[in-house]
Amino acid sequence: MIGIIMEGALFVALIATVAALLFYALLRWTPLGLRLRQDRNRRQIEHTLELECPIHGLQREEAMVRLPSGSRICPACYKEAVAIRQALQKWSATRRSRRLSAPRRRR
């Protein structure tokens with residue numbers, strides 16, 4: 001009885017070993033494996049480039065701000081963009097109030 005169970009366990013171990021070796025050979029020495037490695041390298045490089053701001057340099061992933069469009073922006077650039085937006089809104093509001101309070105000229 002023990003011999004049958006042992007034989008079954010060894011057979012399953014043999015199948016798992018052969019499958020693992022085939023998988024390793026497929027990824028190591030075939031064009032498919034080369035393509036998968038190149039894709040992994042490309043994704044890693046793109047991820048690193050997403051974390052680098054052209055103005056402020058490399059940023060931590062946790063510090064990046066995700067915009068509603070899905071793209072990322074560094075926190076310093078985001079603060080600058082918010083400050084500029086607020087300044088434009090303030091300027092627009094003062095210009096609108098001046099336009100409304102100024103007397104109208106007749107032609």
Side-chain angles (χ1 to χ4, degrees):
M1 180 75 174
I2 295 221
I4 295 172
I5 293 173
M6 186 71 97
E7 183 182 351
L10 288 174
F11 183 72
V12 170
L14 176 67
I15 290 176
T17 304
V18 168
L21 287 174
L22 283 175
F23 184 73
Y24 176 75
L26 179 75
L27 292 181
R28 181 73 180 158
W29 292 299
T30 63
L32 174 65
L34 177 64
R35 170 92 184 236
L36 292 174
R37 285 192 306 274
Q38 289 172 345
D39 285 345
R40 185 178 60 234
N41 290 341
R42 179 184 48 80
R43 281 193 302 270
Q44 183 181 9
I45 291 169
E46 286 175 353
H47 179 73
T48 304
L49 288 176
E50 284 179 357
L51 297 178
E52 187 170 348
C53 175
I55 299 169
H56 301 104
L58 192 61
Q59 303 288 324
R60 290 189 341 264
E61 186 171 9
E62 302 85 34
M64 298 295 279
V65 177
R66 185 169 300 277
L67 298 176
S69 65
S71 61
R72 294 184 203 175
I73 187 171
C74 84
C77 289
Y78 183 72
K79 287 177 187 176
E80 291 171 7
V82 168
I84 290 171
R85 183 175 181 197
Q86 289 175 348
L88 284 175
Q89 286 175 345
K90 191 175 186 181
W91 176 77
S92 176
T94 56
R95 183 172 175 177
R96 196 176 313 124
S97 66
R98 285 182 191 162
R99 193 176 336 138
L100 293 176
S101 64
R104 296 186 180 235
R105 297 181 193 162
R106 294 192 177 212
R107 292 184 184 188

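What's counted below: heavy atoms across the whole structure, side chains too, no hydrogens, waters or symmetry copies.
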_R85: side-chain contact (heavy atoms from CB on, under 4.5 Å) partners, not counting sequence neighbours_ = Q89
*asked:* To check you understand the geometry: which heavy-atom pair defines the closest contact between R37 and L27, and what is its length?
replied: NH1-O, 2.6 Å
*Provide the closest heavy-atom pair for G70 versus R66 in the form atom of the first, atom of the second, distance.*
O-NH1, 2.7 Å
*Hphob cluster co-occupancy, I73 + V82, side-chain heavy atoms under 4.5 angstrom*: yes
*Please check if the side chain of T17 supplies one atom and the backbone of A13 the other of a donor-acceptor pair under 3.5 Å.*
yes
*For I4, does the CD1 atom sit with more than 12 other heavy atoms under 6.0 Å from it, leaving out its own atoms?*
no
*Mind checking what makes ring pair (Phe, Tyr, Trp, His ring centres under 6.0 Å) contact with W29, not counting sequence neighbours?*
Y24
*Which heavy atom of V65 sits nearest a heavy atom of P75, and at what distance?*
CG2-CA, 4.2 Å
_NE2 on H56 to SG on C74, rounded to 0.5 Å_ = 5.0 Å
*Would you check if L26 and L22 make a side-chain contact, meaning some heavy-atom pair closer than 4.5 Å?*
no
_Run the salt bridge (charged side-chain N to carboxylate O under 4.0 Å, His left out) test against R43 and tell me which residues pass, sequence neighbours left out._
none
*Is there a side chain to side chain contact (heavy atoms under 4.5 Å, CB included) between R42 and E46 once you walk through the steps?*
CA-CA 6 Å; R42 179 184 48 80; E46 286 175 353; 3.5 Å; yes
*Over all heavy atoms of both residues, which pair between M64 and L51 is shortest? Give the atoms and the distance, please.*
CG-CD2, 3.8 Å
*Inter-residue atom distance T30.OG1 - L36.CG, 0.5 Å rounding*: 8.0 Å
